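Since the model is a prediction, treat every value here as computed from it, not as a measurement. The analysis underlying the following values was restricted to heavy atoms, covering all of them including side chains, and did not include hydrogens, waters or symmetry mates.
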Amino acid sequence: MKTIYKSPEGKERILGQYEEYLTQFDSLIKRDYVTTRFGSTHVLVMGKENGKPLFIFQGGNCINPVTLSWFKGLLGEYKVYAPDTIGHPGYSDETRISASDESFAQWIADLMDHYGIEKCAFIGPSYGGGIILRLAAFMPERIHCAVLVAPAGIGLGSKLKMIKEILVPMVVYRINGSAQSLHKIADVMSSNSMKQLDESIIGNIFKHTTLEQDMPKLTTAEELRDYSAPTLVITGTEDVFFPGNKISQKLQGILGAELELKKYQMGHFPAPTHLEQIDTDIKEFLNKHY
């Protein structure tokens, strides 16, 4: 069976950190394995038992609890469904599916149907935001409202800058395990604010997995012609992957009148102070639209 991991030991190390991260959540956590047309999907279910349903998707080439922790403030009000993205590190099947067609929309629909959810709110950071845009393109009727944080699927940063500041240090790190190279990457990704555990997790994923290199397709206005759900997009001006200024310009012609935009001086990984502001932004948005 094809695997995204380079060794059983590497997989064990990453999943061990997954479990370590879960101890940081105060909420009771139910863990389901849901059968979809693309394979088994591990879902963390937590939050307010009778709260409105809220799907939160993880960042790419990461583990679910890392980016899910950014939204812990919502657990008191909403029932959160957080699937491990299929084909990415975690407990879901390792089958990689296309982020350029309707595959991820079908995957999400299978998950929603399993839980008897016809329509709900969504949050997606990074790659997770790109996944939500695939759903918006192919099944817009399933989205009540959406929050995209530093989202893929809209525009890309400078390739030259990514090569210089991410790819080259990553190659060095993979060759010699240089802590300095890893720290350099973490600083670029987070604008000098990444937690030590997050940095360790990123390092293990770089070292022990075959990274997903295909980003979600850049979304067009034509694809979203039938999408009219309220959408909050939060970007960072220092984001090396999806820079806020570039994303903001493209969004105006794609999401139209229902777009709400917030832009902060932050990297791809928000700093704790930015997470507090993002928590406030999302709560206000959801109270208004959901």
Side-chain angles (χ1 to χ4, degrees), residues 1-25 42 44 57-70 84-96 99 125-128 130 149-150 152 156-216 236 238-243 266-272 274-275:
M1 180 179 174
K2 194 171 183 181
T3 178
I4 65 170
Y5 300 98
K6 295 181 179 178
S7 70
E9 295 76 21
K11 180 178 182 178
E12 185 177 350
R13 186 172 298 178
I14 291 167
L15 293 182
Q17 289 183 309
Y18 187 114
E19 297 303 320
E20 180 182 355
Y21 226 102
L22 287 183
T23 65
Q24 300 181 21
F25 290 86
H42 176 252
L44 300 172
F57 297 103
Q58 72 182 75
N61 293 316
C62 194
I63 52 174
N64 191 2
V66 171
T67 47
L68 178 60
S69 72
W70 299 355
D84 293 0
T85 304
I86 200 161
H88 288 248
Y91 290 96
S92 294
D93 278 358
E94 297 168 45
T95 312
R96 288 212 160 124
S126 190
Y127 195 99
V149 180
L156 292 172
S158 163
K159 289 186 179 179
L160 188 61
K161 189 175 182 180
M162 282 189 264
I163 290 169
K164 180 182 175 183
E165 299 187 356
I166 302 291
L167 185 59
V168 171
M170 185 194 302
V171 171
V172 173
Y173 175 70
R174 282 175 162 174
I175 291 171
N176 62 15
S178 164
Q180 183 179 2
S181 294
L182 178 60
H183 191 62
K184 188 182 293 184
I185 296 168
D187 280 350
V188 170
M189 288 178 67
S190 66
S191 199
N192 307 306
S193 67
M194 189 178 289
K195 294 189 295 185
Q196 189 172 356
L197 178 56
D198 291 0
E199 184 174 320
S200 172
I201 289 168
I202 294 295
N204 279 325
I205 288 170
F206 286 166
K207 190 180 291 184
H208 299 296
T209 74
T210 302
L211 297 178
E212 171 61 274
Q213 297 182 33
D214 293 331
M215 286 293 103
E238 311 307 304
D239 189 337
V240 67
F241 300 115
F242 314 117
M266 66 181 190
H268 193 62
F269 269 54
H274 289 123
L275 286 175

> Working to the nearest 0.5 angstrom, can you tell me the gap between Trp70 CH2 and Gln58 CD?
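The distance works out to 11.0 Å.
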> For the residue pair Thr209 and Lys6, what are the closest heavy atoms and their distance?
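Looks like O-CE, 3.4 Å.
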> Is there a donor-acceptor contact under 3.5 Å linking the side chains of Gln24 and Ser69?
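Short answer, no.
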> Tell me whether Gln213 at atom CD has more than 12 heavy atoms from other residues, nucleotides or ligands lying less than 6.0 Å away.
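Atom CD in Gln213 is not packed in, count stays at 12 or less.
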> Testing the basics here: between Met194 and Ala186, what is the closest heavy-atom pair and its distance to 0.1 Å?
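In this case the closest contact between Met194 and Ala186 is SD-CB, 3.7 Å.
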> Which atoms form the tightest heavy-atom contact between Phe242 and Leu156, and what is the distance?
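Residues Phe242 and Leu156, closest heavy atoms: CE2-CD2, 3.5 Å.
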> Tell me if a side-chain donor or acceptor on Asn204 pairs with a main-chain N or O of Ile14 at a distance below 3.5 Å.
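Side chain of Asn204 to backbone of Ile14: no pair is present.
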> What is the distance from atom CZ of Phe206 to atom CG of Leu182, rounded to the nearest 0.5 Å?
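So the CZ of Phe206 and the CG of Leu182 are separated by 7.0 Å.
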> Closest heavy-atom contact between Pro89 and Ile63?
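Smallest heavy-atom distance, with atoms named: CB-CG2, 3.9 Å.
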> Using every non-hydrogen atom in the two residues, find where His268 and Ser126 come nearest and quote the distance to one decimal.
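Answer, listing the atom of His268 first, then Ser126: NE2-OG, 2.8 Å.
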> Please list, chain by chain and in numerical order, all residues satisfying side-chain hydrogen bond (donor to acceptor under 3.5 Å, both in side chains) with Thr210, sequence neighbours excluded.
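By the side-chain hydrogen bond (donor to acceptor under 3.5 Å, both in side chains) rule, Thr210 matches no residue at all.
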> Working to the nearest 0.5 Å, report the span between NZ of Lys184 and CD1 of Ile166.
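Those atoms lie 11.0 Å apart.
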> Stepwise, does the side-chain contact (heavy atoms from CB on, under 4.5 Å) test hold for Tyr127 with His88?
CA-CA 11 Å; Tyr127 195 99; His88 288 248; 3.7 Å; yes
> Any chance you could measure Tyr18, atom OH, to Cys62, atom SG, to the nearest 0.5 Å?
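Going from OH on Tyr18 over to SG on Cys62, the span is 11.0 Å.
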> Report yes if the side chains of Met170 and Arg174 come closer than 4.5 Å at any heavy-atom pair, otherwise no.
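Met170 vs Arg174: side chains touch.
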> Within the distance-only criterion (no hydrogens, no angle test), does the side chain of Ser181 pair as donor or acceptor with the backbone N or O of Val172 below 3.5 angstrom?
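Looks like no, no N/O pair under 3.5 Å.
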> In the structure I gave you, are the side-chain heavy atoms of Leu68 and Tyr21 within less than 4.5 Å of one another anywhere?
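Side-chain contact under 4.5 Å: no.
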> Find the distance between NZ (Lys207) and OG (Ser7) and round it off to the nearest 0.5 Å.
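Here the interatomic distance stands at 10.5 Å.
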> Kindly determine whether Asn64 and Tyr91 satisfy side-chain contact (heavy atoms from CB on, under 4.5 Å), including the steps that lead there.
CA-CA 10 Å; Asn64 191 2; Tyr91 290 96; over 6 Å; no
> Quick one: does Tyr5's side chain get under 4.5 Å of Glu94's, heavy atoms only?
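A side-chain contact exists here, since the closest heavy-atom pair is under 4.5 Å.
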> Can you tell me if Ser92 uses its side chain to pair, donor with acceptor, with the backbone of His42 under 3.5 Å?
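Yes, the answer is positive, given that a donor and an acceptor are paired below the 3.5 Å cut-off.
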> Counting distance only, does the side-chain N/O of Asn61 pair as donor-acceptor with the main-chain N or O of Glu212 below 3.5 Å?
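Checked: pair present.
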> Looking only at heavy atoms, what is the nearest atom pair of Thr67 and Pro125, with distance?
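For Thr67 and Pro125, the tightest heavy-atom pair comes out as CB-CG, 3.8 Å.
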> CG of Leu167 to NZ of Lys159: how many Å apart, nearest 0.5 Å?
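It comes to 12.5 Å.
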